[in-house]
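To start, the structure itself, in structure tokens.
Chain letters run A, B, ... following the sequence lines, proteins first and then strands; every chain starts at 1. Computed from a predicted structure; not experimentally measured.
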Amino acid sequence: MSRKILLENGDISGIDQFDIYRQHGGYQSVEKAIKTMTPLEVVDEVKKSGLRGRGGAGFSTGMKWSFLDRKSDKPRYLVCNADESEPGTFKDRYLMEKIPHRLIEGMIVSSYALGASRAYIYIRGELMWLAKRLENAIGEAKAHGLLGDNILGSDYSLDLVVHPGGGAYICGEESALLESLEGKRGYPRLKPPFPAISGLYGCPTVINNVESIAAVPWIVTHGGEEYSKIGIEKSSGTKLISASGHINRPGVYEIELGLPVEEFIYSDAYCGGIRNGRTLKAVVAGGSSVPILPAELILRTAAGIPRLMTYESLSDGGFQTGTMLGSGGFIVMDDTTCIVRNTWNFARFYHHESCGQCSPCREGTGWMEKVLHRIEHGHGTPKDIDLLVDIAKKIEGKTICALGDAAAWPIASAIRHFRHEFEYHIAHPDKITDPDHVYQPMGTK
Amino acid sequence: MTPQFSSQTLSNIEILKTRYPVEQSKSALLPILHMAQAEFGGYLSRESMDYVASLLNLQPIEVYEVATFYTMFHLKPTGKYVLEVCRTGPCALSGAEHIVDYLKQKLGVDLNQTTPDGLFTIKEVECLASCGSGPVLQVGECYVENLTDQRVDSMLAALKSGELSDNEPTPAHSILFRTCGDKQS
Ligand SMILES: Cc1cc2nc3c(=O)[nH]c(=O)nc-3n(C[C@H](O)[C@H](O)[C@H](O)COP(=O)(O)O)c2cc1C
Ligand code: SF4
Ligand code: FES
């Protein structure tokens, strides 16, 4: 089994309560940081750890922290992104539900490092019950002098606030999140300026994913160098993978980065293989926004090398034959899956969630949904496939935020790898009228 | 008639405002809209939104544009229980489409409609961060996961009898409804 950092002691009963969490070493990092380290020394440890943002983009956390404008006389903010709305991703929710204090501990040490005296956890509104549990946990930490004024008798004070969203995928995008936190519609901002210079209320701000922040306590307690030894090279540490779809054991797994994809799918310690004795057809490895790969390309790269669960290995081959680790939303599809139907489903999602600010995204996602709907429902024309590719190209890279790319990639990649299925739908409308139709053009492999 | 928050809610709102810098009380808008929806009949009427605007010294349009942007706010009356079924990819792979059909047939209403007794409204929503335990639906604060026909039946019965309330979180019902992320044996 892989080692546990984020979910360490996660199976101890009552670990969601302060006393039990504290008995098992909880909040050590706060003591260590506040009593023995300067804020910049904490930043240095995070830099040394090689930790990369777990929200999707994989950007170095230490580097992001060092961009924060410390010269400005405005207050500085830390904002935790707990919006978790990327289809296929449910790890932040799992972590907050199991071990809420790990996130709160991470927020305290990280805020200390950044010099923030107020920090926010922006959680999607659907998880209101979880927001309330986090507030309880914050109350417990406060009662024990770990939050509020003069933490552990030092001159450092921190106010930690949980803020619920209202239901909108786009509010996971960091600048839309800030707008939403300011009480507005979640419209992504034009960048630059980046949040590190001008973020929440126009003040210097760091935004990090729940899982990134929850890794910081271990890094501070054990040292960045120890953390960097886990995993493989630039993919250091552990990662939570949300596994869903046609597998025997869906759920959240903490893996050491570098685990072979094949082992993750087939080992009983993880997904436990494909459900009902079926065979693997395709995987979306990093949440709905990353390119889909057929079985042969997710297990091995185009060069025939076994793929590993790392940022580098999953993206080997670029978008032609590779994909991305993304948020770690690992969606598995067996040979009964209709790729066209799944692609239409994702297109509908992005159309529904587009904020509507830029026309390529607002109009393009609508067209893609419409064209895919007609192919899936037996009314496609031979030109439709190239039309989809063309629309996807006209969205990609031409929008204010990355939702446009996220909408284009799943469609472009489904056509790249499963073009024959789209062609079959168009050529044989009579064969796909049953909504449960299964189309496996490669035979019964 | 102008709606009016209870004095308890009004004092909660004062506490809420202290969580944001002075001059930035607009930040409290989303949390207050959640309170308004809960307290004023499960949806946001024009009057409720105008009232919230007056509490925060905002122009009514600033509230309308927010209320209409986010999917959790209902702008029309709904049934007592809104059953919001996730329809997105991973849940669709686990049978969400069938669950929607089953609910429609069982309750005799279409999507976005309310049963004649005023109890249930069915809606489709996008991914609820529960993809490993799909199909899933949300009713109030409660997530009901790993849906099967039988589980839908027992959920509807429990809601009707008051045994299950929609303002209780999922874990309280972990015997009936498994919590996301727990491994299937
Ligand atoms: C459309 C869109 C949705 C996103 N949703 C999320 C999300 O739900 N959670 C998250 O942490 N990051 C999300 N991100 C990434 C954030 O913009 C941001 O990069 C991230 O929160 C930074 O944290 P990290 O560096 O710790 O990963 C999203 C990005 C885009 C473009
Ligand atoms: S790309 Fe789409 S979601 Fe992003 S700002 Fe433009 S319209 Fe909005
Ligand atoms: S796809 Fe249904 S909860 Fe994520």
Side-chain angles (χ1 to χ4, degrees), chain A residues 75 84-94 97-98 118 120 124-130 132-133 159 161 163-169 171 180-186 201 242-246 248-252 284 288 329 331-333 337 341-342 345-346 348-349 352-353 355 435, chain B residues 16 18-21 23-34 56 58 62-63 65-73 84 86-94 97-98 125-134 138 140-143 167-172 179-185:
Chain A
E84 191 160 68
S85 314
E86 172 87 356
T89 314
F90 46 100
K91 52 153 186 120
D92 296 337
R93 170 196 165 181
Y94 183 73
E97 196 173 333
K98 273 237 154 190
R118 189 178 255 148
Y120 292 95
R124 59 179 300 176
E126 290 88 344
L127 298 176
M128 194 62 91
W129 48 276
L130 194 47
K132 290 179 183 166
R133 293 176 84 197
D159 195 8
V161 172
H163 182 99
Y169 168 64
C171 292
S180 179
L181 186 46
E182 292 179 4
K184 304 178 204 152
R185 288 176 293 193
Y201 310 127
S242 322
S244 67
H246 299 139
N248 283 315
R249 288 161 43 83
V252 174
V284 175
S288 63
I331 311 166
V332 179
M333 299 172 201
T337 312
R341 195 170 188 80
N342 189 70
N345 183 303
F346 282 161
R348 180 180 63 182
F349 171 82
H352 185 260
E353 300 300 329
C355 84
Chain B
L16 191 64
T18 66
R19 298 176 164 188
Y20 309 95
E23 311 287 313
Q24 301 292 354
S25 61
K26 187 174 178 179
S27 278
L29 181 53
L30 279 179
I32 295 178
L33 285 175
H34 283 295
L56 285 173
L58 299 174
E62 295 179 81
V63 179
E65 65 178 13
V66 165
T68 53
F69 185 84
Y70 296 93
T71 56
M72 288 182 75
F73 301 118
E84 297 178 298
C86 170
R87 68 178 186 185
T88 318
C91 277
L93 292 177
S94 346
E97 292 178 25
H98 168 77
V125 292
E126 301 292 357
C127 181
L128 290 169
S130 210
C131 329
S133 36
Q138 172 161 33
E141 289 192 13
C142 183
Y143 272 39
N167 55 23
E168 276 179 70
T170 311
T179 302
C180 175
D182 283 353
K183 309 297 178 284
Q184 252 157 5
S185 47

inquiry  = Between A:Phe349 and chain B, with a heavy-atom cut-off of 4.5 Å, which part of the residue counts as in contact: side chain, backbone, both or neither?
reply    = both
task = Classify the angle between the aromatic ring planes of A:Tyr201 and A:Tyr120 as parallel (below 30°), tilted (30 to 60°) or perpendicular (above 60°).
result = perpendicular
request  = Name the option with the most non-hydrogen atom pairs under 4.5 Å to chain B; the candidates are A:Glu86, A:Glu126, A:Lys184, A:Glu182.
outcome  = A:Glu126
ask   = Contact part of A:Val284 toward chain B, heavy-atom cut-off under 4.5 Å: side chain, backbone, both or neither?
value = neither
key: Derivation of the side chain to side chain donor-acceptor pair (under 3.5 Å) call for B:Ser133 and B:Tyr143   = CA-CA 10 Å; B:Ser133 36; B:Tyr143 272 39; over 6 Å; no
request  = Quick one: which of A:Gly245, A:Gly165, A:Pro87, A:Cys355 has the most heavy-atom pairs under 4.5 Å with chain B, could you say?
outcome  = A:Pro87
query = Is chain B contacted by the side chain of A:Thr89, its backbone, both, or neither, given a heavy-atom distance below 4.5 Å?
reply = backbone
key: Region of B:Gln138 that comes under 4.5 Å of a non-hydrogen atom in chain A   = side chain
query = Among A:Glu84, A:His246, A:Arg124, A:His352, who wins on heavy-atom pairs under 4.5 Å with chain B?
reply = A:Arg124
inquiry  = If I measure from the heavy atoms of chain B, does A:Glu353 come under 4.5 Å with its side chain, its backbone, both, or neither?
reply    = side chain
message = For B:Leu29, which atoms come within 4.5 Å of any heavy atom of chain A: side chain, backbone, both, or neither?
response = side chain
message = Testing the 3.5 Å rule here: is there a donor-acceptor pair between the side chains of A:His163 and B:Tyr20?
response = yes
ask   = Is it the backbone or the side chain of A:Arg118 that comes under 4.5 Å from a heavy atom of chain B, or both, or neither?
value = side chain
key: Expected output: side-chain A:Arg185 to main-chain B:Phe69 donor-acceptor under 3.5 Å   = no
message = Counting heavy-atom pairs under 4.5 Å with chain B, which one of A:Gly88, A:Ser85, A:Ala168 comes out on top?
response = A:Gly88
query = Using a distance-only test with no angle check, is there a side-chain donor-acceptor pair under 3.5 angstrom linking B:Arg19 and B:Ser27?
reply = no
remark   = Ranked by heavy-atom pairs below 4.5 Å to chain A, first place among B:Pro21, B:Ser94, B:Ala92 goes to B:Pro21
Heavy-atom contact with chain B under 4.5 Å, split by part of A:Arg348 = both
request  = Taking all heavy atoms of B:Glu65 and all of B:Thr68, pick out the closest pair and write down the distance.
outcome  = O-OG1, 3.3 Å
Side chain to side chain contact (heavy atoms under 4.5 Å, CB included) partner of A:Ile331, the single match among A:Pro250, A:Ser244, A:Ser242 = A:Ser244
request  = Identify which part of A:Ser288 has an atom lying under 4.5 Å from any heavy atom of chain B, answering side chain, backbone, both or neither.
outcome  = neither
inquiry  = side-chain contact (heavy atoms from CB on, under 4.5 Å), that's the test. Do B:Glu141 and A:Lys132 meet it? Break it down for me.
reply    = CA-CA 11 Å; B:Glu141 289 192 13; A:Lys132 290 179 183 166; 2.7 Å; yes
